[in-house]
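Keep in mind that what you see is a predicted model, and the values were worked out from it rather than measured.
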Amino acid sequence: MGPGPITVDPRVLRAMSAQLVGQYDPAMTAYMNETQALYREVFRTRNEATVLVDGTSRAGIEAALVSLVHPGDRVLVPVFGRFGHLLREIAERCGAEVHVREVPWGEVFTLEAIEQAVREVRPHLVAMVQGDTSTTMNQPLEGVGEVCHRHGALLYVDCTASLGGNAFEMDAWEVDATTAGLQKCLGGPSGSAPLSLSPRAVAVVDGRRSVEAGLRSDDEDAAPAPVRIRSNYFDLGMVLDYWGEKRLNHHTEATTMLYGARECARLLLEEGIGNSIARHRLHGEAVLAGVQALGLEVFGDVVHKMHNVVAVEIPAGVDGDAVRAELLHDYGIEIGTSFGPLAGRVWRIGSMGYNARKDAVLVTLAALEQVLRRHGARVGAGAGCAAAQEVYA
C-alpha cells in the first residue's frame with residue numbers, strides 16, 4: 001500500500017505465464033498490433049506512434065528525451081517534486097540547455113506561471129511530470145499543450161504515477177509525447193514503458209532517423225542523419241521501425257512484459273477508464289478521510305492531490321521507519337516514506353491498481369491505528385476505519 005510498485009493483478013500474472021513465441025511469429029506481431037491499439041485508447045490518442053519501450057518507466061522517459069532533444073536544445077522543466085528533478089537530470093545528460101522553474105513541494109504550477117516561463121525560455125521542449133508520487137501532487141495539464149505550441153515548443157509528460165487512476169487526455173490536452181509504467185494504477189509489474197508520440201514529435205524523430213548497417217536495403221542512403229539520436233537502445237526512430245510495417249530488427253521484444261502490458265491495458269478498458277478513475281478517487285478519499293480521522297496531518301495541497309496516494313506527516317515523537325517496519329513485519333503491509341526534504345518526514349500511503357479496494361484500505365487503516373497506538377500516538381479507537389466507512393456509505 002505504498003506509492004508503487006503495488007500488488008500485481010492476478011490476471012496480469014496469469015497472462016505473463018504464457019509461453020514465449022518468436023518475435024516475428026504472426027501471433028507475436030498480432031499481439032504487438034493489439035497492444036498498440038489498446039494503449040491508444042488508454043492514452044486517449046489517435047497517435048499511430050504508440051508503442052512499448054522495454055524497460056522500467058525511466059526507460060520510457062529516457063527514450064523520449066534522448067530522441068526528441070538535440071544537444072544544445074533548450075528544455076524547460078517545471079519542477080514540483082523529485083521526479084521533475086529526474087527529467088532535468090536526463091535532459092542534461094542528453095546535452096540540452098536545461099532551464100528549471102520550481103514551486104515548493106506540495107504545490108503545483110498555475111497555467112500562467114508555465115506560460116511566463118515558456119515566454120522567457122523559448123524552449124524546444126517543455127518536460128513535465130503529471131503526478132509526482134514524491135509529493136503526491138497532480139499537475140493540471142489542460143491548456144499547457146496549447147501554450148507550448150503557441151510559442152513553438154513541444155510538450156512531454158511523464159504520467160507514470162497517474163495514468164489509469166487520474167484523467168489523462170493526450171490529444172485533447174495537445175501533449176506531444178508521453179510515457180508511463182505499469183506498476184502504479186495499471187496494476188502490473190515494472191519493466192515495460194508505454195509511450196506515445198504525436199505527429200509533431202514523430203517529425204522531430206524522423207529528422208534524426210537512421211537505419212543500422214546490416215539492415216539497410218540497397219536503395220537506402222548509407223549516411224546517418226546529421227545529428228543521430230545519442231542512444232541505440234532508446235532510439236525511437238529505430239523502435240518505431242521495429243513496431244511499424246517495416247519490422248526492422250532492433251532488439252528482441254520482452255515477450256513476457258508485452259503480455260503483461262497488453263493485459264493491463266485490456267483490463268483497464270474492460271473496466272472503463274472513467275470507472276477506473278472513479279474507483280481510485282473513491283478509495284483515495286477513504287484513505288484521506290481515515291488518516292485525517294486518526295489525527296494525522298496531510299502534506300501538500302489536497303485540492304491538487306493525486307487520487308491514488310496520500311502523504312501524511314509523521315507525528316512528533318514517532319519513529320517513522322519503525323512504524324513502517326512493524327506494519328510490514330506484523331501485518332504484511334508496506335507503506336512508503338519519501339525523498340529529499342520529505343525523507344523521514346512523511347509516510348506515503350497508496351491505493352492504486354489492484355490495491356484500490358475497500359478491504360485493502362480498511363485493513364491498512366486498522367493496522368496503522370494499532371501500530372500508532374503502540375508507538376505512543378493518541379488516536380481514537382476505530383476512528384480511521386469509521387471515517388473511511390462514511391466515505392463508502
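Shown here is R93, whose CZ atom has no more than 12 heavy atoms of other residues, nucleotides or ligands within 6.0 Å. At most 12 heavy atoms of other shown residues, nucleotides or ligands fall within 6.0 angstrom of atom CZ in R230. Taking a 6.0 Å sphere around CZ of R247, one finds it holds more than 12 heavy atoms contributed by other residues, nucleotides or ligands. The number of heavy-atom neighbours closer than 6.0 Å to CD of E390, taken from other residues, nucleotides and ligands shown, is 12 or below.
A donor-acceptor distance shorter than 3.5 angstrom exists from the side chain of E369 to the backbone of G382, with no hydrogens or angles considered. Put simply, the side chain of W105 never gets that close to the backbone of L342: no donor and acceptor are under 3.5 Å apart. Looking at Q130, its side chain never comes within 3.5 Å of a backbone N or O of N138 through a donor-acceptor pair. Of the possible polar contacts, one joining the K305 side chain to the V309 backbone as a donor-acceptor pair under 3.5 Å is found. Of the possible polar contacts, none joining the D25 side chain to the V21 backbone as a donor-acceptor pair under 3.5 Å is found. Side chain of T337 to main chain of G344: a donor-acceptor pair is present (N/O by atom type, distance under 3.5 Å, no hydrogens or angles). Between the side chain of T178 and the backbone N or O of V157, at least one donor-acceptor pair lies under 3.5 Å. Without hydrogens or angle criteria, R324 side chain to I335 main chain gives a donor-acceptor distance under 3.5 Å. Looking only at distances, a side-chain donor or acceptor of H149 sits under 3.5 Å from a matching main-chain atom of G145. Side-chain atoms of T110 come within 3.5 Å of backbone atoms of A113 as a donor-acceptor pair (strictly under, hydrogens ignored).
Remark: the S198 side chain and the N47 side chain contain no N/O donor-acceptor pair separated by less than 3.5 Å. For the residue pair D319 and H375, no side-chain donor N or O sits within less than 3.5 Å of a side-chain acceptor on the partner. Side-chain contact annotation: S17 with Y259, donor-acceptor N/O pair under 3.5 Å absent. Counting only N and O atoms by type, the side chains of Q36 and T50 include no donor and acceptor under 3.5 Å apart.
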Exercise. Could you please spell out the steps behind the side-chain hydrogen bond (donor to acceptor under 3.5 Å, both in side chains) verdict for H283 and E285?
Key: CA-CA 5 Å; H283 298 299; E285 288 175 353; over 6 Å; no

Quiz item: side-chain hydrogen bond (donor to acceptor under 3.5 Å, both in side chains) between Y331 and T364: does it pass, once the steps are laid out?
Solution: CA-CA 9 Å; Y331 296 92; T364 299; over 6 Å; no

Practice problem: Under the salt bridge (charged side-chain N to carboxylate O under 4.0 Å, His left out) rule, what do E120 and R101 come out as? Steps first, then yes or no, please. | Solution: CA-CA 11 Å; E120 292 169 355; R101 297 292 185 272; 2.9 Å; yes

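Atoms CG and SG, from L141 and C159 in turn, are 9.0 Å apart once rounded to the nearest 0.5 Å. Of the inter-residue distances, the one linking C94 atom SG with L125 atom CG reads 10.0 Å to the nearest 0.5 angstrom. The distance from atom NE2 of H304 to atom OG1 of T135, rounded to the nearest 0.5 Å, is 12.0 Å. Rounding to the nearest 0.5 Å gives a distance of 11.0 Å between CG of L38 and SG of C264. Taking CD of E253 as the start and CG of L52 as the end, the distance is 6.5 Å to the nearest 0.5 Å. To the nearest 0.5 Å, the span separating CD1 on I349 from CG on L368 amounts to 5.5 Å.
In this structure, P189 and V12 approach most closely via the heavy-atom pair CD-CG1, 4.1 Å. A293 and A383 get closest at one heavy-atom pair: CB-O, 3.4 Å. Here the shortest heavy-atom pairing between V379 and L294 reads CG1-O, 3.2 Å. L288 and V310 get closest at one heavy-atom pair: CD1-CG2, 3.9 Å. When every heavy atom of C385 is checked against every heavy atom of L362, the shortest pair comes out as SG-O, 3.3 Å. Of all heavy-atom pairs spanning R82 and S134, the tightest one is N-OG, 2.9 Å.
Residue pairs that meet the salt bridge (charged side-chain N to carboxylate O under 4.0 Å, His left out) test with at least one member in residues 168-187, sequence neighbours left out, are R44-E169, D176-R200. Applying the salt bridge (charged side-chain N to carboxylate O under 4.0 Å, His left out) test to every pair with at least one member in residues 102-114, sequence neighbours left out, gives no pairs at all. Within the structure, the salt bridge (charged side-chain N to carboxylate O under 4.0 Å, His left out) test picks out the following pairs touching residues 332-355 (sequence neighbours left out): E313-R345.
Salt bridge annotation for R58-E62: absent, with no cationic side-chain nitrogen under 4.0 angstrom from a carboxylate oxygen. A salt bridge does not link R40 to E48: none of the charged side-chain nitrogens sits closer than 4.0 Å to a carboxylate oxygen. Using a 4.0 Å cut-off between a side-chain N of Lys or Arg and a carboxylate O of Asp or Glu, R209 and D241 qualify as a salt bridge.
Legend: residues meeting side-chain hydrogen bond (donor to acceptor under 3.5 Å, both in side chains) with Q23, ordered by chain and number and at least two apart, are Y242.
Side-chain atoms of W347 and V323, non-hydrogen and from C-beta on, do get closer than 4.5 Å to each other. T35 is not listed as a side-chain neighbour of P194, based on a closest heavy-atom distance of 4.5 Å or more. Within the 4.5 Å cutoff, no side-chain heavy atoms of M306 are placed close to those of M137.
With hydrophobic clusters built from ILVMFWY side chains whose heavy atoms lie under 4.5 angstrom apart, V202 shares a cluster with F43.
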Can I get a per-line list of side-chain donor-acceptor pairs under 3.5 Å for residues 2-10, giving both atom names and the distance, sequence neighbours left out?
unit_1	atom_1	unit_2	atom_2	d
T7	OG1	N355	OD1	3.4
T7	OG1	N355	ND2	3.3
D9	OD1	R11	N	2.9
D9	OD1	R11	NE	3.1
D9	OD2	R11	NH2	2.9

Please tabulate, for side-chain N and O atoms in residues 64-71, each donor-acceptor pair with protein atoms closer than 3.5 Å (sequence neighbours left out).
unit_1	atom_1	unit_2	atom_2	d
S67	OG	A63	O	2.8
S67	OG	F234	O	3.0
S67	OG	L236	N	3.0
H70	ND1	D73	OD2	3.4

